[in-house]
Amino acid sequence: MPPGMIMTRTLSGESMRDMRAVLPDEVNKNITVQGQGDQPLEPTLENGYKVFHLEANVFKWNILPNKSVDAYGFNGQVPGPRIRIKEGDHIKINVTNHLPEPTTVHWHGLILDNEMDGAGEITQRPIQPGETFTYTFDAVQSGMYFYHSHYATDRQQSLGLYGMLMIDPKDKNQVPEHDVEAVVSLQEWLIRDGLTFPAMSMEGAFPNYFTINGKSFPATETIKMKVGQKALIRFVGSNNNFIHPMHIHGGPFEVIAQDGEPLPSSARYKADTVNVGPGQRFDVIWIARKPGKWLIHCHIPHHTTNDNVEVQGGGGLMMILDVSE
Amino acid sequence: MPPGMIMTRTLSGESMRDMRAVLPDEVNKNITVQGQGDQPLEPTLENGYKVFHLEANVFKWNILPNKSVDAYGFNGQVPGPRIRIKEGDHIKINVTNHLPEPTTVHWHGLILDNEMDGAGEITQRPIQPGETFTYTFDAVQSGMYFYHSHYATDRQQSLGLYGMLMIDPKDKNQVPEHDVEAVVSLQEWLIRDGLTFPAMSMEGAFPNYFTINGKSFPATETIKMKVGQKALIRFVGSNNNFIHPMHIHGGPFEVIAQDGEPLPSSARYKADTVNVGPGQRFDVIWIARKPGKWLIHCHIPHHTTNDNVEVQGGGGLMMILDVSE
Amino acid sequence: MPPGMIMTRTLSGESMRDMRAVLPDEVNKNITVQGQGDQPLEPTLENGYKVFHLEANVFKWNILPNKSVDAYGFNGQVPGPRIRIKEGDHIKINVTNHLPEPTTVHWHGLILDNEMDGAGEITQRPIQPGETFTYTFDAVQSGMYFYHSHYATDRQQSLGLYGMLMIDPKDKNQVPEHDVEAVVSLQEWLIRDGLTFPAMSMEGAFPNYFTINGKSFPATETIKMKVGQKALIRFVGSNNNFIHPMHIHGGPFEVIAQDGEPLPSSARYKADTVNVGPGQRFDVIWIARKPGKWLIHCHIPHHTTNDNVEVQGGGGLMMILDVSE
C-alpha cells in the first residue's frame with residue numbers, strides 16, 4: 001500500500017497492483033547510467049529498411065546528480081533513444097522486453113497498419129518478458145512524434161517507457177527556418193522512502209519530481225544561442241498526468257505546428273505560454289531578442305520544485321536558453 | 001465524512017454536506033436501467049412548440065456489466081436523453097424534480113431569455129422536489145451543446161445530471177461532410193465501499209471510474225466504419241473536474257468546430273489529441289485510413305483504468321473505432 | 001506539517017518549509033484592507049520615466065465579508081495595484097520588500113533586459129527583506145500582461161504576490177471595439193484551521209477557496225452593461241495550479257488575443273469556454289444579447305464553491321454580467 005493512498009474496505013489487490021513501487025531486486029544492476037537520455041539511435045540498413053533496436057529494461061536513472069529513480073526505460077535511457085527518420089523511409093523496430101512484465105510500444109500519431117499500432121490486447125498480444133516483437137511501418141508523415149508503452153500505460157509510461165520519434169520531411173522547404181532545435185519532453189515522477197512509484201493523478205500517487213528530457217532543473221540542459229537566432233522548440237507531452245502550461249521568458253513565441261502537423265499560416269498565433277497535455281506536441285519558434293539567461297518552465301510553480309525544494313532558482317520543469325551577443 | 005477527506009478543526013458540516021454519498025434508501029428501486037444513455041427523446045408537438053419531458057431521479061446505473069453507480073440522472077439514463085432539435089425550432093422542456101433536493105437545468109451555450117438560463121438562485125428559484133418547471137426558448141443557434149444541473153453543480157452534475165443537446169442547422173450545407181457521427185461525452189465517478197460520492201477536484205474526492213456516454217471501457221460502444229469513411233466525432237466536456245486530452249489512433253483528425261461554433265476554415269487545424277475541458281465541445285473529422293481497431297482515449301492513463309485496473313487493454317475513457325475494408 | 005500532507009520517512013524539513021502557513025505574528029497589523037484589489041497605481045514622472053512604487057507586505061485580506069486570508073501582497077492589495085502604461089513608455093518600478101523572506105518581481109511576457117526579468121537566482125540576487133530594487137524597461141509591446149513573484153513562486157505567488165500590467169497600444173486602432181472592459185484575474189487559496197497555506201498541486205495542499213480579482217463570489221464585482229454593448233473580458237491566469245475552463249453564459253464570445261498578442265483575424269474563433277492556464281491571458285469579446293444576470297464562471301464546479309459551500313448560487317470563481325435594457 002503506497003503511503004497516502006486511501007484504503008477502503010473494498011479496494012482490491014488488483015487495484016493496488018499497478019501502483020506498487022519498483023522493487024530494488026527488479027533493477028538491473030549492470031545498467032548504470034549517469035548519462036543523457038534522448039540520444040540518437042543509429043539504424044542498420046537491411047533490404048531497404050532502416051532497422052532500429054529497442055530494449056526495455058529496469059535500471060537506475062539519475063534525474064539529478066544525487067537523486068535517482070528506478071526507471072523502466074529503453075536502451076538504458078530516459079527518454080529512450082531518439083529515433084530520427086525521414087519521410088518515405090521503410091522502418092523496422094525490434095523491441096525486446098527485459099521487464100518483469102509484458103509490454104508493447106505505440107507509435108503515437110503515426111499512420112500505420114493496425115497490427116503495428118502497439119495497443120496492448122487491442123491490436124496485439126503484449127510482448128512477454130524475454131520476447132522480441134518487430135514493428136514495421138513506412139513513414140508517410142513528417143514532424144514531431146513520440147513512442148511509448150501502451151500496456152499498463154498508467155504504470156509503464158510513468159516509469160519512463162517513452163522516447164522521441166522525429167520524421168524529417170522530404171521537402172526541406174517544409175522545415176521551418178531555425179538556427180537551434182530543442183526538444184522539451186516532459187515527465188512526472190513519484191519518489192517516496194527511496195522507492196519509485198508510478199505517478200498517477202490520484203490520492204497517494206501525485207508526483208513530487210518533474211523532468212525535461214529525463215533531468216530535473218538545475219540538471220536540465222542549457223540551450224546556447226546568439227542574439228537574433230531562432231530556436232525551434234518542440235514541446236512533447238510524454239508525461240502521464242498534468243497539462244503543463246509551458247512558458248518562455250524574453251518575449252512571445254509563434255506556434256507553428258501541433259501534433260506533428262504544421263499549422264496553416266492563417267492559424268498560427270503568438271503566445272508566451274502553451275498548454276501541453278499528455279500526448280500533445282507543440283512546435284514553436286522563439287527568437288533570441290536580447291542576451292542573457294531566459295527561462296523555459298512550467299507555470300505551475302510546484303512543477304518547478306524538486307520534492308518541494310527550489311535549488312538555484314527553481315527545479316523540475318525548468319531549463320535555460322543562454323543567449324550571448 | 002468520506003474516507004480520505006481531510007478533517008480539520010474548522011471543517012463545517014456545511015462543507016461536508018455536498019460531498020456525501022448517495023444513500024441507498026434514496027435510490028428509486030423502480031428504475032432498473034441496464035441500457036444505454038443518450039437515447040433520442042421524442043417531442044410532442046403543441047401549438048408550434050416541440051415539447052420535451054425530463055424527469056430527474058435517483059437510480060442505479062451500470063457503468064460496467066458488474067459495476068453500478070447510484071446516479072442522479074434524467075429519464076433513467078446517464079447521460080440523460082439526447083434532445084435533437086433544429087435551428088429555428090420553438091422549444092419547451094418540462095423538467096420534473098424527483099430528487100431528494102432542489103435542482104435546475106442549464107442549457108449550456110445557448111442564447112435564450114435570462115429566466116430560462118437555469119442558473120439556480122441567480123436566474124431562477126430552484127425547482128423543489130416534486131415540482132415541474134417549464135423551460136422555453138427558440139433555437140437561434142446550431143451545433144453541439146449540452147444541458148446539465150446548475151444547482152449544487154459540484155454534486156449534481158458529478159452524479160450524472162447532464163445530457164446532449166444537438167441543434168441541426170437550417171442550411172444543410174453547414175453540416176460537415178461525414179459518414180458516421182459519434183458523441184463522446186465524458187464523466188468521472190467516485191465509488192468507495194459500495195457508495196457513490198460526487199467526484200470533486202479535492203482530497204478525498206478524486207474519481208476512480210470514468211465513462212464515455214455513461215459506460216466505462218470495455219463496456220463503451222464501438223463505432224463501425226469502412227475504410228475511406230469520415231467520422232464526425234463530437235467530444236463533450238460534460239464532466240466536472242479534469243481537462244481530458246482526448247487522443248485518436250490511426251492518424252490526425254481535423255478540428256472543425258468548438259463549442260457549437262464552426263471554426264473558420266482559416267483557423268482549422270489538424271491534431272491527434274485535443275484538450276477537452278469541462279464545458280467545452282470539440283467537433284473533429286477523423287478519416288478511417290486503414291482497417292482495424294483504432295482507439296479513442298484520454299491520454300492520462302489513469303483515466304483509462306477502472307479503479308486502477310485495466311481490462312482487455314484499458315478501461316474508463318476509451319472506445320474503439322472498428323474499421324473494416 | 002500541514003494537515004493532509006503525506007509524511008514519509010524521508011520527507012525533509014526543506015520540503016516542508018515552503019508549504020508552511022503564514023504565521024499570525026508575521027502579519028502586519030497596520031495594514032487593514034477591506035477594499036478592492038487591482039486599483040490603478042499612479043506613477044510619478046521623473047526625467048522621462050514613469051516611476052511606480054510597489055511594496056511587498058504580509059497582511060490580512062478579505063476574500064469574503066467574513067473570511068480573510070493572511071496574504072503576501074503588493075501595496076496592501078490582492079491583486080496588487082494595476083500598472084497601466086502605454087506602448088513606448090520608459091518605466092521604472094521600485095520594489096521594496098517588507099516580507100519575512102527574499103523576493104523578486106517578474107514582468108510576465110515582457111521583452112526587456114535580462115537583468116530586469118526578475119527570475120530569482122537566475123537573473124538577479126533576490127531582494128532581501130528591507131531592500132529596494134528598481135526595475136526599468138521600455139514598453140515595446142502592448143496588450144494584457146501581469147507581474148508576479150519569481151522567487152519561491154510556489155509559495156509567494158500562491159499567497160498573493162501578483163498584479164495586472166496593461167500596456168495600451170500607441171495606435172488606438174489596435175484597441176478592439178468595446179464598451180466595457182473587465183479583468184478576470186484568477187487565484188486559488190488554502191485556508192485550514194484559520195491559517196493560510198500556499199495552495200499547491202499536491203496532497204495536503206489543494207485549494208479550498210478561489211478568487212477573481214481577489215474576491216470570492218458572491219463578493220466578486222458585478223459588471224454593468226446595456227443590451228447591445230460589447231465587453232472586452234481579459235482572463236488572466238495569475239493562479240498557480242489549475243487550468244480553469246472559464247465559461248460565459250448568454251452565448252458565445254470571440255477570442256481576439258492571447259498572452260497580449262492579438263490573434264490574426266484569420267485565427268480568431270468563437271467559444272463559450274476557454275481554458276485559462278497559469279501564466280496565460282485570453283482577451284475575448286462578449287456581446288450583451290439579452291437583459292438579465294449572465295454568469296462568468298469556472299466550469300469545474302468545485303471551483304465555484306467556498307470551502308465546498310455554495311452561497312447565493314455559487315462561490316469562488318464566479319461573477320455576474322448584469323445587463324439592462
Side-chain angles (χ1 to χ4, degrees), chain B residues 5-12 14-19 106 108-115 117 119-123 126 140-141 145 150-158 198 200-205 237 240-243 258-267 275 277-281, chain C residues 2-5 191-194 203-208 242-247 249-255 263-275 277 289-295 297-315 318 320 323:
Chain B
M5 191 178 174
I6 292 163
M7 182 175 276
T8 61
R9 281 180 287 134
T10 55
L11 189 71
S12 68
E14 230 180 349
S15 287
M16 293 162 57
R17 187 190 55 183
D18 247 20
M19 291 194 56
H106 171 58
H108 183 107
L110 289 203
I111 299 167
L112 37 57
D113 288 341
N114 196 241
E115 60 270 29
D117 197 41
E121 297 190 11
I122 308 285
T123 64
V140 297
Q141 298 153 278
Y145 297 88
H150 210 297
Y151 179 78
T153 318
D154 57 340
R155 170 182 184 75
Q156 296 193 353
Q157 190 177 341
S158 282
M200 295 183 191
S201 192
M202 54 180 287
E203 272 104 346
N240 264 9
N241 297 289
F242 286 92
I243 299 173
Q258 184 170 342
D259 295 352
E261 295 284 339
L263 280 177
S265 58
S266 57
N275 292 331
Q280 294 190 303
R281 288 88 64 212
Chain C
M5 190 178 174
I191 312 178
R192 271 203 188 123
D193 294 339
E203 273 103 345
F206 284 100
N208 58 353
F242 286 92
I243 299 173
H244 293 287
M246 297 303 298
H247 173 53
H249 286 220
F253 47 76
E254 187 176 35
V255 182
L263 280 177
S265 58
S266 57
R268 294 181 182 190
Y269 57 97
K270 288 184 179 165
D272 59 45
T273 306
V274 63
N275 292 330
R289 295 172 180 90
K290 301 218 178 199
K293 292 176 196 289
W294 303 102
L295 291 174
H297 67 88
C298 176
H299 217 280
I300 297 175
H302 179 58
H303 298 167
T304 54
T305 64
N306 302 327
D307 199 24
N308 292 342
V309 180
E310 279 147 333
V311 179
Q312 298 175 30
M318 183 180 273
I320 293 175
V323 179

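For the numbers below, each heavy atom of this structure counts, side chains included, while hydrogens, waters and symmetry mates do not. Quick note on labels: first sequence line is chain A, next is B, and so on, each numbered from 1.
Using a 4.5 Å cut-off between heavy atoms, C:P291 contacts chain B through its backbone alone, with no side-chain atom that close. In this structure, chain B has heavy atoms under 4.5 Å from both the backbone and the side chain of C:S266. Only the side chain of B:Q141 comes within less than 4.5 Å of a heavy atom of chain C; its backbone N, CA, C and O stay farther away. Heavy-atom distances place both the backbone and the side chain of B:N240 under 4.5 Å from chain C. For C:L295, the part lying near chain B is the side chain, with the backbone staying farther off; criterion is any non-hydrogen pair under 4.5 Å. With a 4.5 angstrom heavy-atom cutoff, B:I243 touches chain C only via side-chain atoms.
In terms of non-hydrogen atom pairs under 4.5 Å with chain B, the most contact-rich of C:C298, C:G194, C:P207, C:P245 is C:P245. By number of non-hydrogen pairs under 4.5 angstrom with chain C, the leading residue of B:A152, B:A119, B:G260 is B:A152. Comparing B:P198, B:A267, B:P278 by heavy-atom pairs within less than 4.5 Å of chain C, the highest count is held by B:P278. Among B:R281, B:Q280, B:Q157, the residue with the largest count of heavy-atom pairs under 4.5 Å with chain C is B:Q280. Per-residue counts of heavy-atom pairs under 4.5 Å with chain C were compared for B:G277, B:S265, B:S201; the largest is that of B:S201.
A donor-acceptor pair under 3.5 Å links the side-chain atoms of B:E203 to the main chain of C:A205, judged by distance alone. Not one N or O on the side chain of C:D307 forms a donor-acceptor pair closer than 3.5 Å with the backbone of B:S15.
Going from atom CD of C:Q312 over to atom CD1 of B:I122 covers 7.5 Å, rounded to the nearest 0.5 Å. For the atom pair CE (B:M202) and OG1 (C:T305), the distance works out to 8.0 Å, reported to the nearest 0.5 Å. Note that CG of C:D272 is 4.0 Å distant from CG of B:D259, once rounded to the nearest 0.5 Å.
Minimum heavy-atom separation, B:E261 to C:P252: OE2-CG, 3.2 Å. The two residues C:W294 and B:D117 come nearest to each other via the heavy atoms CZ3-CG, 3.7 Å.
With a 4.5 Å cut-off on side-chain heavy atoms, C:T273 and B:H108 count as touching. With contacts defined as side-chain heavy-atom distances shorter than 4.5 Å, the pair B:N114/C:K293 qualifies. A heavy-atom distance below 4.5 Å is not found between the side chains of B:T123 and C:H249.
For the pair C:K290 and B:D113, the salt-bridge criterion is met [side-chain N within less than 4.0 Å of a carboxylate O].
Classified by interplanar angle (parallel below 30°, tilted 30° to 60°, perpendicular above 60°), the ring pair C:H247/B:H106 is perpendicular.
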